[in-house]
Amino acid sequence: MIEIQDFLRTLGTDSGFWNPLVWGVIIIIAFLIAYIIRGMGKTEYKEKTEQTKVFLSGNPELEKEEMHVKASNVYWGFMESFKWLYSGLDKMHTGNVSDYILWFVIILGVLFLILGVI
Amino acid sequence: MIYNIPYIAVVALILIGLYAIIFKRNLIKIVIGITLIESGVNLFLITLAFKQDSIAPIYRGSGSRIMSLPVPHALTLTSIVIGVAVLALMLSLIIHIYKHYKTLDASKIGREKE
Amino acid sequence: MSGMSRIVKTVTNVAFPIVMIYGLYVIAHGHLTPGGGFQGGAVVASGLAMLLVAYGSVWTMGKIKEKQLSVLESIGAFGFIGLAFLGILMVYLYSGLQGNFFNNFLINQDIFPIFNELGRGFGNINTAGVIPLMNFAVGLKVIAGLFAIVLVMAYATRLKGVKQK
Amino acid sequence: MSKRNFAAVIFFAIVAVFLVFGALMMHPFGEFNEDNYPEMDEYIIDNTQNETGADNGVTAVVFDYRGFDTLGEATVLFTAVAGVIILFRRLKK
Amino acid sequence: MNIIDDLILHSPALIVAIPLLGAFLTPLISKINDKMRNIFVIFIVLLTSAIVLLLANDIYAVCGKIHTYVFGGSSPVTQGGFAIRILFEVDGLNIFMALIATILAIVGVIYSWAFMKENTGLDKYYTLYLLMIAGMFGMILTGDMFNFFVFLEITSIASCALIAFWTNKGKAVDAGFKYIVVSATGALFILFAIAILYGQYNALNMAVLASKIEFSFLDNIALVVLVSGLAMKAGIVPMHMWLPDAYGRAPASVTLILVGVTQASLYGALRMIFTVYGDSLSTTLNQIGDINIELNLILGIFIVALALLTIFIGVLMALKENNFKRMIAFAAVAEIGYMILAIGAALTTIFSAAETDIGTGAMALKGGIFHILNDALDVGLLFLVAGAVYYATKETSLNRLGGLARNMKYTTIFFLIGLLAVSGMPPMNGFASKLIIYESTYQVNPILSIIAILCSILLLAVFVKVFHSAFLGPKQPKFDDVKEVPKSMLLAMGIIACIIIFIGLFPDIVVNNIVQPAVNAITDNSNYISNVIGGI
C-alpha cells in the first residue's frame, strides 16, 4: 500500500513545504564547505606540545570537580534579569495540594463567567 | 421549584467538599472533602433515578409496574466501589506521609527545593 | 496486638456465623432480591473485619497472609473475566449465532436448559443465565480484596513494641 | 485574610452561584413527561425478564447490559488491593 | 483466514480484555519464578500490540471506516435509536491514539526488565503496570461516557500506586498523594458532568448524546466541567503543578506510561469538544453590533490563551529547574502547550463559513495531532534516558552530574536524538509537526507563531543546559566506575529512537496514512453519529 516513491514525497504545508532529504543534501554540502574552510587553517599547530596545555592566565589548573560548570550556574544572567518573573513563578508553585485544587476552581469559575455571562 | 430541593442538596454537598479541600490544611480533612464530593455525586445519580410513586426495579409476584430507573443504581454502585478504592489508597499514602514527615499539615510538606 | 477483651471476642464468635450466612445469602440471591456480588461481599468482608478488630491484626496475619488473599482475589477476577470470554467462545461452539464479549451465553439459547428459564418469584436460583455465576466470582473477589486492604493497613499500623501474645 | 483566601472565596462563590442555577434548571424531581421520557431505562425495565431472565433490574443492568463497567469496577478494586499491598511491602535492606 | 477475521471482529474488546486477563493472572504466574513472569508480561503486551496492528490495518484499509463493537449484544441500538449497551467505536482518532499507546507499552515493559530488577514487590508492580496499560487502552477506545470515567479511575489509581513505588523516599509518596487527590477530584467532576448529561438526555453513549444535544444552560455547565476536569488531567497551566511532582518522582518506566495517560486525557477533551458537542459548538451566543460571538470562538480564544501560558511557564520553569526528571517534566508541560495551541487555533477557525479558514483549521488540527505522537515519543525517550542516568549513577540532581558521555556512549547518543527532536530541530520529527503548527497559527494570528517559535528556542536552550551539565565536561572521579546500562534498557531506548528518526525522515508517509484519518474523524462527527444510530 506504500510504494517506494512515497518515501521521497514532500510534506506540504499549505504555505510551505518540508523535505528532509533535500535538507540532508544541503547539510552535507554545508559540512563539506566547513571542512574545506577548516583545512585552510593554521598549519603550525602540533599535538602534544605546549600549545595544547590549558592556559588559565598563569593560574594553576583546577581539578576536575571545579572545572565543570554547575547546572545552576548556567544561564545565570538570564535568571538575574528575569528575577521579577521567577519570584512570581516561585510564589505560584507551592507544593500544596489545596492550591492545586484552587487553580482548578479558578479555571472553572473563569469558564463559567465567560460562557455564562456572554 | 420546591421539587428541586434534592439538587440543591447535591450542590451543597459538593461545595462543602470543595471548601474542605481548599481551605483546610490537614490531609485527613482533604480526604474527607473528596469523599464528600463523591457522596454528593452519588446522591445526584440516585436523585436522577427517582420517579413519582415508583418501586425499586425488582419484579415481584404483584405490585405496581411503575419502577424507578435501574441504570443510575448501577452507576452509583460502580461509583461507590471506585470511591472505596480511592479512599483506601489515599489513607495508606497518608500513613506513609506521616511516617516520613511526622506531620499532616499540607503546607509544610511537598515544597520542592533543590 | 493481643486483641480486645473477652466480652468482645465472645460476642464476635456469636455474631460471626450470622454475618457470614447473611452475606452469602445476599450473594447467592443477587439476581432475585436486592443485593449482588458487591454488596454481599462487602457484608462478608465486614464480618471478617470484625474478627480482625476483635482478635488483633497479628493473630489474623498468623492465620492468613495477604499473599493468599491476593491469590484468592486473582482467582475470583479470573473467573469473572473468564465468564465474559466464554460469551465469545460458547456461542461459537453451540450455535451459529455470533456472540460478543459479556454475552449472557446461558440464557435464550439451549446450551444448559436448566439455566434457561426466566425468573419468577424468589425460590429459583437457576435463572438469569450467567448472572449468578458472575455474582459468585465477584463476591469471592470482593471478600478477598476488601479483607486484604483492611488486613494490610491494620498490620502496617499496629503498635510496635507491645507484648505480643 | 490572605490574598490567596480572598481569591479562593471569590471564585468559590462564582462556582457556587452557577451550580445552584444549574440545580434550579434541572427537570423537576421525580417528574418525567414526554420531553424527558427515559426511553433507555423504560426499555430495560420492560425487557429485563425476557432478555436476561433476572428479576432484579439493577443486577441485570450491572451484570448484563453494562457488564463491562462492572469488569472495570472489579478491576478498580483489584488495583486498589495491589496498590495497598505494594505500598506496605517489605523493602529490601 | 477465519480466525483473523474473528480477531478483528472482537479486537476492540480483546485489546482491553487481554491486558486485564494478564493482570489478573500475574500474581498466579509469579508464584513460579520471576523470569517466567517477565516473559509472560511481555508476551501479553506483544499479543495486545499485534491485535492493535490488525485492527489498525483493518481500519486504514477503507477511508472513514468505523469499527463498532457492542458488549453482550449484537445490534448497537434499539428501534428508538438509543443505545442500551456499552459500545466501543473505533475510528481514525481512536486507532491513532491506540498506536501511540502500543509503542509506549512495548517500550515500557522491555525497559522495566532491567530497570526494576533490584526492587521488591515486582509481581504487584507488573500487575499495576498491565492495569495502567489496559486502562489507557480503555480510555482511548471507549465510546461510552461512564465507561470512560471508569477507565480514567483505573488508570489514576494504578499510576498513583506506581508513582509512590519507592516508598522509602518521602517525596515520592507525597507526589503520589498529590496525584491521587488531583485525579480523584477531576474524575469526580467529570462524573458530575456525565450525570448532568444523563439526567437531561437519558443517554450515556457519546454518539447518541451528540445526536441529541442542544445547547442549554445545563449543557453549558457540563461542557465547562468536562473540559476543566480533562484539562487538569492533561496538565495544562495553571493546573500543571501535579505533573512535575508525579513525573519527577515516579520510576522512569512508569513515567513513560504516564505520558501516554496524559495524552489519553487530551484525547478525551478532543472527543468531548469536537464529537459530543460538535454540532452545538457553532451556536451564536450573543451579538455585539453586527459581529455575532459564537461558542467555538470564545472557547478557542480561551484555549489559545491557556496554551500560550502553558508553553511560556513550562519553558521558564524548565530553565530554572536543576533536577533532571523535573526539568524534562516541565518541558513536557510546554510540549503539551503546543498541542493545545493547535487545537485552540483550529477551534477558532474550523467552524467558520470561509473556505480558507476551514483549511487553516484542518491544517492546525493536523499539526496538533501529529505533535501528540511526536511529543509522546520524544518526551518518553528523554525520560528513559533520565532513568538510565539514575540507574547508572543513582543521582538526579544536575549539579552533581557531569562527564557521563565518556562512560555511557549509547545513552548520550539517544539523549542527543531526543534533544534535537523535542526542541524541534530538523531533521527530527518534532520539527515537522511544529512547522505545521507554526504555519497554521501564523494564519490565525502571527503573534501566536512568533511566541511559539521563541519558546521552542528556549526549549533548545533548556536541553543544551542538561546536555552540558550531565554528559559533557571533564570526567568526574566519582563516576569512574559508572558502566553502560544493560541491554534491555538500551533496546527500549533504541526502539523509540529508530521510530523518531523514521518519522523525521519520512514525515509525509505518517501524515498521509495515520494523521489524516484522525483529522477527518475529528472534523466531521456526522459519520461517528450515523455509524451508531443509522443515517440522520
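What you are looking at is a predicted structure, and each value in this text was computed from that prediction instead of being measured. By convention in this document, chain letters (A, B, ...) are assigned in the order of the sequence lines, proteins followed by strands, and residues within each chain are numbered from 1.
Crowding of B:F50 atom CZ: a count of heavy atoms from other residues, nucleotides or ligands under 6.0 Å exceeding 12.
Using a 4.5 Å cut-off between non-hydrogen atoms, the part of residues 81-97 of chain B that approaches chain C consists of B:V81, B:V84, B:A88, B:L91, B:S92, B:I95. Residues of residues 11-39 of chain B lying under 4.5 angstrom from chain C, judged on non-hydrogen atoms, do not exist.
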